[in-house]
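First up is the structure itself, then whatever we jot down about it.
Only heavy atoms go into these numbers, but all of them, side chains included; no hydrogens, no water, no symmetry mates. Bear in mind the structure is a predicted one, so any value in this text is a computation, not a measurement.
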Amino acid sequence: MQKKRYYSFNEHLRNRFREKVFKVSLDAGFTCPNRDGTLGRSGCVYCSERGSGDFAGDQKLSLHDQFNEVVERMKNKWPNAKYIAYFQAYTNTYAPLERLRKVYEEALAEENVIGLSISTRPDCLPEDVLDYLEELNRRTYLWVELGLQSSHDRTMDWIRRGHDYSQFLKGLEQLRSRGIQVCAHIILGLPGETRAEMLKTAQAVASLSLQGIKIHLLHVLKGTPLATIYQDEPFKLMTKEEYVSLVVDILEILPPEMVIHRLTGDGPPEDLIGPLWSRKKWEVLNAVDAELERRDSWQGKKVKKITTPKDR
């Protein structure tokens with residue numbers, strides 16, 4: 001297999017574990033302060049009823065049954081794989097510590113699970129949960145995924161995020177002070193943002209103590225507040241060419257050691273209003289590869305190397 005021109009999550013896992021590892025997406029039945037009335041009821045404007053867990057397990061099933069349902073599907077392709085239990089849907093640190101401990105430990109007890117990935121908000125990290133995450137980090141492979149979406153507070157207000165950029169920085173510092181790997185999520189194509197502003201968010205990510213990034217394309221999904229906004233006042237959606245070009249621009253400014261967990265996403269086809277080209281995820285990823293090759297470029301190409309005495 002030809003090596004990517006960026007440091008993919010798959011390559012990172014291969015380097016770390018020397019075997020196939022993949023995520024098993026789970027829905028532990030959590031909620032979110034943007035849904036339970038603490039901050040709001042309808043979630044962020046783009047968020048589906050599944051709380052960004054459209055491809056996670058069925059919440060009606062136990063975690064054990066969710067886990068095994070996914071593993072059984074993947075066994076034919078990777079019979080000897082190891083797994084990361086991925087808590088994807090809603091805000092996965094937004095519960096009392098006793099419940100979090102029960103859920104995480106249950107997932108870690110599943111056969112061949114070698115770690116956890118926990119998706120959450122930077123404003124949902126109380127001290128007791130941070131202490132427990134620090135404990136988990138000492139005894140298993142752990143990522144905490146923090147939603148940022150944009151570094152611009154104006155945009156955060158518009159998408160009804162419920163926190164600002166300074167709160168993201170605080171949450172990041174709390175996790176990093178405990179040695180926990182953090183992956184930031186950003187969204188490209190948010191209404192009202194220019195290409196320069198999207199690049200500014202990426203530059204902010206590149207400058208922070210982050211170990212990973214997920215780059216998402218904005219999807220308009222049926223049943224979301226964004227779908228209503230789009231129907232009433234249609235806004236421009238990114239073209240495939242615009243998206244691919246911007247993703248490559250971003251890769252060029254990211255540190256070469258930063259793990260690229262995702263370069264695009266895909267909404268449920270039956271719910272996707274647009275952009276419709278995003279349904280063909282592999283075509284988008286192949287187009288990114290082709291653009292990197294066309295430019296003879298790679299992740300970190302435009303990152304200035306800091307000269308040390310050893311380099312001189």
Side-chain angles (χ1 to χ4, degrees), residues 9 23 25 27 32 34-35 40 42-57 59 86-92 117 119-121 145-152 155-162 183-195 197-199 201-202 205 212-251 260-288:
F9 189 48
K23 283 182 171 181
S25 295
D27 186 337
C32 171
N34 236 354
R35 290 203 177 258
S42 58
C44 301
V45 294
Y46 49 76
C47 196
S48 71
E49 285 298 318
R50 292 293 310 276
S52 297
D54 297 288
F55 299 103
Q59 187 185 122
Y86 178 27
F87 291 93
Q88 181 180 19
Y90 299 99
T91 304
N92 292 279
S117 187
S119 183
T120 190
R121 293 168 56 97
E145 300 187 14
L146 284 186
L148 170 59
Q149 321 315 352
S150 172
S151 64
H152 307 288
T155 300
M156 287 198 182
D157 287 342
W158 193 90
I159 65 176
R160 306 174 198 170
R161 184 67 190 160
C183 172
H185 292 220
I186 67 171
I187 297 177
L188 305 183
L190 290 167
E193 285 204 348
T194 64
R195 181 187 179 93
E197 286 173 322
M198 291 181 241
L199 275 171
T201 292
V205 167
I213 185 173
K214 277 189 175 179
I215 303 174
H216 299 266
L217 167 69
L218 179 71
H219 293 112
V220 182
L221 300 176
K222 294 176 184 176
T224 63
L226 188 64
T228 303
I229 294 168
Y230 185 70
Q231 181 178 18
D232 293 343
E233 296 183 45
F235 50 85
K236 185 179 182 298
L237 300 176
M238 294 191 83
T239 67
K240 178 180 170 182
E241 293 72 24
E242 289 171 335
Y243 186 77
V244 168
S245 176
L246 182 55
V247 165
V248 173
D249 285 348
I250 290 171
L251 287 173
I260 310 301
H261 288 237
R262 179 175 290 175
L263 286 181
T264 187
D266 45 353
E270 67 275 13
D271 293 333
L272 183 65
I273 296 172
L276 296 180
W277 55 263
S278 67
R279 288 177 176 173
K280 299 179 179 179
K281 182 177 178 179
W282 284 106
E283 287 188 9
V284 179
L285 294 174
N286 289 338
V288 170

Minimal non-hydrogen separation, Glu145 against Ser117, with atom names: OE2-OG, 2.9 Å

Between Ala287 and Val244, the two heavy atoms sitting closest are O-CG1, 3.6 Å

I'd like to check the salt bridge (charged side-chain N to carboxylate O under 4.0 Å, His left out) partners of Glu193; sequence neighbours left out, ordered by chain and number. none

Any side-chain heavy-atom pair of Leu217 and Ile187 under 4.5 Å: no

Side chains of Tyr230 and Val45 in contact at under 4.5 Å (non-hydrogen atoms): no

Atom NZ of Lys281 with >12 non-hydrogen neighbours under 6.0 angstrom: yes

According to the interplanar angle, ranging from 0 to 90°, do the rings of Phe9 and His261 count as parallel (below 30°), tilted (30 to 60°) or perpendicular (above 60°)? parallel

Rounded to the nearest 0.5 Å, what's the gap from CD1 on Ile215 to CG on Leu251? Could you check? 5.5 Å

For Arg195, which residues count as a salt bridge (charged side-chain N to carboxylate O under 4.0 Å, His left out) partner, sequence neighbours excluded? Asp249

Sub-4.5 Å side-chain heavy-atom contact between Leu246 and Leu199: yes

Measuring from atom CG of Leu188 to atom CG of Leu218, what distance do you get when rounded to the nearest 0.5 angstrom? 9.5 Å

Rounding to 0.5 Å, atoms CG (Leu237) and NE2 (His219) come to a distance of 10.0 Å

Taking the side chain as C-beta and beyond, is there a heavy-atom pair between Arg121 and Arg161 under 4.5 Å? yes

Are any of the side-chain heavy atoms of Trp277 and Val284 separated by less than 4.5 Å? yes

Looking at every heavy atom in both Pro268 and Leu221, which two are closest together, and how far apart are they? CD-CD2, 4.2 Å

For Cys44 and Pro225 the tightest heavy-atom approach is O-CD, 4.3 Å

What's the spacing between Arg160 CZ and Tyr46 OH if we round to 0.5 Å? 12.0 Å

What pairs meet the side-chain hydrogen bond (donor to acceptor under 3.5 Å, both in side chains) rule with one or both residues in residues 231-242, with sequence neighbours excluded? Lys236-Glu242, Thr239-Glu242

Please check if the side chain of Ser119 supplies one atom and the backbone of Phe87 the other of a donor-acceptor pair under 3.5 Å. no

All heavy atoms of Leu272 vs all of Ser278, minimum pair found to be CD2-OG, 3.5 Å

Contact between Arg262 and His216 at the side-chain level, heavy atoms closer than 4.5 Å - yes or no? yes

Would you call Lys222 and Ile273 a side-chain contact if the rule is heavy atoms closer than 4.5 Å? yes

Working to the nearest 0.5 angstrom, can you tell me the gap between Ile213 CD1 and His185 NE2? 9.5 Å

How long is the straight-line distance from OG1 of Thr264 back to CD of Glu283, given to the nearest 0.5 Å? 12.0 Å

Just so I know, are the side chains of Glu197 and Thr155 near enough to count as touching, which here means a heavy-atom distance under 4.5 Å? no

